[in-house]
Amino acid sequence: MAASDTERAQQQIDEIEALSSIYGDDWCVVDEDEKIYCIKISDCLDQPKWTLCLQVILPPGYPTAEPPIYQLNAPWLRGQDYTDLANSLEEIYVQNLGESILYLWVEKIREVLVEKAQSSDPEPDIKKTTEEVDEGDEDDFLLDYQPIQEDQIKMLNYMASESQEDEELPPIHHGNPITDRRSTFQAHLAPVVTTRQVKRVLEELYENKKIASATHNIYAYRIYCEDKQTFLQDCEDDGETAAGGRLLHLMQILNVHNVLVVVSRWYGGILLGPDRFKHINNCARNVLVEYNYVPSMEESSRQAGKSKKIRKDNKKRTEH
């Protein structure tokens, strides 16, 4: 059954909120009504050599029936460099038809920039160009797309085996709280591989009077089922409408698994509007980074550089 306009609109909202949480100040809303966004991407956090701006427009049919319309802006990006990068983004789109792909695009672009920074390519001379380059090859990226229907990953009837009834309680970690206008948000994390562990962790958290007294305890978990080669995942809003789904969407974008994240919110009497979802996602991402479920931005840059070096070394060995 094809996704409705309302479902697609909600998917877009969830993705934008997750990306805003992940990239912070580098993420910019150009025009909320027209769904135009921009993100600044660089090869590293400190003194970047290579920088690029990705601007995207989300059409009504994205992500299930239409790709994003995009533009790549950088004074040095032209000719073959532009074509190669555009082809890479197109390949990602084709490999993930119907899925949210902006995070994959951003990280692919970052990987390319890191490779350039660590290669023999001269640094871009941005002083030579003060205006955006327009060489006629920056057409909007549009592909014909036939929706592919897939079974839902969520398996609500999954039951853990009886031999796991007395499983040991996993360690529970607590993130740093975020306070805004007297409301406080705090994330809690635990490694889990069964639904029984999820239940045990939740029971243990609710034993804590402070956590039990929170206005909302939003949670989401993802467990990879090796035998079925699929994910068991679920979420809970606990009265904060759609917050659990947004949290789960963040975890899907970050591709984390075998982990439960709970975000407690203590309401302070002042309505926060959409900012409350930003704080929920920020708390969750921070604790996932802190306990190494997600690499930090700096580590992502280093890993991309290592991958490039490994590929170069393998190429040299095959040539000899």
Side-chain angles (χ1 to χ4, degrees), residues 12 15-16 19-20 22-23 25-31 34-59 61-63 65-145 253 297 300-312 315:
Q12 291 186 16
E15 183 176 21
I16 294 308
L19 292 171
S20 176
I22 294 169
Y23 296 115
D25 293 339
D26 289 333
W27 178 264
C28 173
V29 179
V30 178
D31 190 322
E34 299 296 326
K35 304 290 185 182
I36 303 174
Y37 307 93
C38 183
I39 180 168
K40 180 181 177 183
I41 310 165
S42 60
D43 54 16
C44 65
L45 294 177
D46 301 322
Q47 299 180 334
K49 296 179 182 178
W50 297 84
T51 301
L52 181 151
C53 286
L54 169 67
Q55 182 172 304
V56 294
I57 302 174
L58 302 184
Y62 175 80
E66 293 181 84
I69 300 167
Y70 76 90
Q71 184 171 341
L72 300 167
N73 296 323
W76 54 269
L77 187 64
R78 63 191 73 184
Q80 192 61 43
D81 279 339
Y82 188 97
T83 301
D84 290 346
L85 186 51
N87 287 340
S88 295
L89 300 188
E90 177 180 346
E91 184 179 353
I92 290 172
Y93 171 74
V94 171
Q95 290 175 347
N96 298 273
L97 288 174
E99 302 294 331
S100 301
I101 59 167
L102 296 185
Y103 177 79
L104 297 177
W105 275 10
V106 172
E107 291 308 308
K108 178 59 182 178
I109 293 170
R110 190 187 309 282
E111 179 184 331
V112 170
L113 297 181
V114 170
E115 289 178 356
K116 278 189 166 293
Q118 298 188 345
S119 71
S120 57
D121 291 355
E123 294 183 29
D125 187 354
I126 59 175
K127 294 180 181 179
K128 290 182 180 178
T129 307
T130 57
E131 298 178 350
E132 292 183 9
V133 176
D134 183 4
E135 294 194 317
D137 59 355
E138 300 186 8
D139 295 331
D140 291 341
F141 177 47
L142 294 170
L143 292 176
D144 291 329
Y145 167 51
I253 286 180
M297 300 295 285
S300 295
S301 296
R302 285 201 299 266
Q303 289 172 2
K306 288 179 181 177
S307 298
K308 172 68 174 177
K309 185 177 185 300
I310 291 171
R311 286 196 294 270
K312 279 187 174 180
K315 184 178 180 183

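Atoms considered below: every heavy atom in the structure, side chains included; atoms not considered: hydrogens, waters and symmetry mates.
- Ion pair Asp81/Lys116 flagged as a salt bridge, since at least one NZ, NE, NH1 or NH2 atom sits closer than 4.0 Å to an Asp/Glu carboxylate oxygen.
- Here CG of Leu19 is found 5.0 Å from CD1 of Ile253. Values are rounded to the nearest 0.5 Å.
- Partners of Ser20 according to the side chain to side chain contact (heavy atoms under 4.5 Å, CB included) rule, which considers only residues two or more places apart in sequence or in another chain, are Trp27.
- For the residue pair Tyr62/Glu15, the side-chain donor-acceptor check at 3.5 Å is satisfied.
- Taking SG of Cys38 as the start and CG of Leu54 as the end, the distance is 7.0 Å to the nearest 0.5 Å.
- The structure places CD1 of Ile41 at 8.0 Å from SG of Cys53, a figure rounded to the nearest 0.5 Å.
- Under a 3.5 Å cut-off, the side chain of Asp43 and the backbone N or O of Trp50 do form a donor-acceptor pair.
- When the side chain to side chain contact (heavy atoms under 4.5 Å, CB included) test is applied to Leu104, the partners found at least two apart in sequence or on another chain are Ile92, Asn96.
- Heavy-atom minimum distance, Leu97 versus Val94: CG-O, 3.4 Å.
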(request) Decide side-chain contact (heavy atoms from CB on, under 4.5 Å) for Leu52 and Asn73; before the verdict, give the C-alpha distance in whole Å, the side-chain angles of both, and the deciding distance to 0.1 Å. (result) CA-CA 6 Å; Leu52 181 151; Asn73 296 323; over 6 Å; no

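- The structure places CD1 of Ile36 at 10.5 Å from CD of Gln71, a figure rounded to the nearest 0.5 Å.
- Scanning all heavy atoms of the two residues, the minimum distance from Pro59 to Pro68 falls at CD-CA, 4.0 Å.
- The line from CD of Gln118 to NZ of Lys49 is 8.5 Å long, rounded to the nearest 0.5 Å.
- Partners of Val112 by side chain to side chain contact (heavy atoms under 4.5 Å, CB included), not counting sequence neighbours, listed by chain and number: Leu85, Lys108.
- A distance of 6.0 Å or more separates the ring centres of Tyr93 and Trp105.
- Scored by the side chain to side chain donor-acceptor pair (under 3.5 Å) test, Glu34 finds no partners at all (sequence neighbours excluded).
- A donor-acceptor distance shorter than 3.5 angstrom exists from the side chain of Trp76 to the backbone of Thr51, with no hydrogens or angles considered.
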(request) Just do the side-chain contact (heavy atoms from CB on, under 4.5 Å) check on Tyr70 and Ile57 with the steps written out, would you? (result) CA-CA 6 Å; Tyr70 76 90; Ile57 302 174; over 6 Å; no

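- In this view, Asn87 and Thr83, Glu90 satisfy the side chain to side chain contact (heavy atoms under 4.5 Å, CB included) rule, not counting sequence neighbours.
- Residue Leu58 holds its CG atom at 9.0 Å from CD1 of Ile69, rounded to the nearest 0.5 Å.
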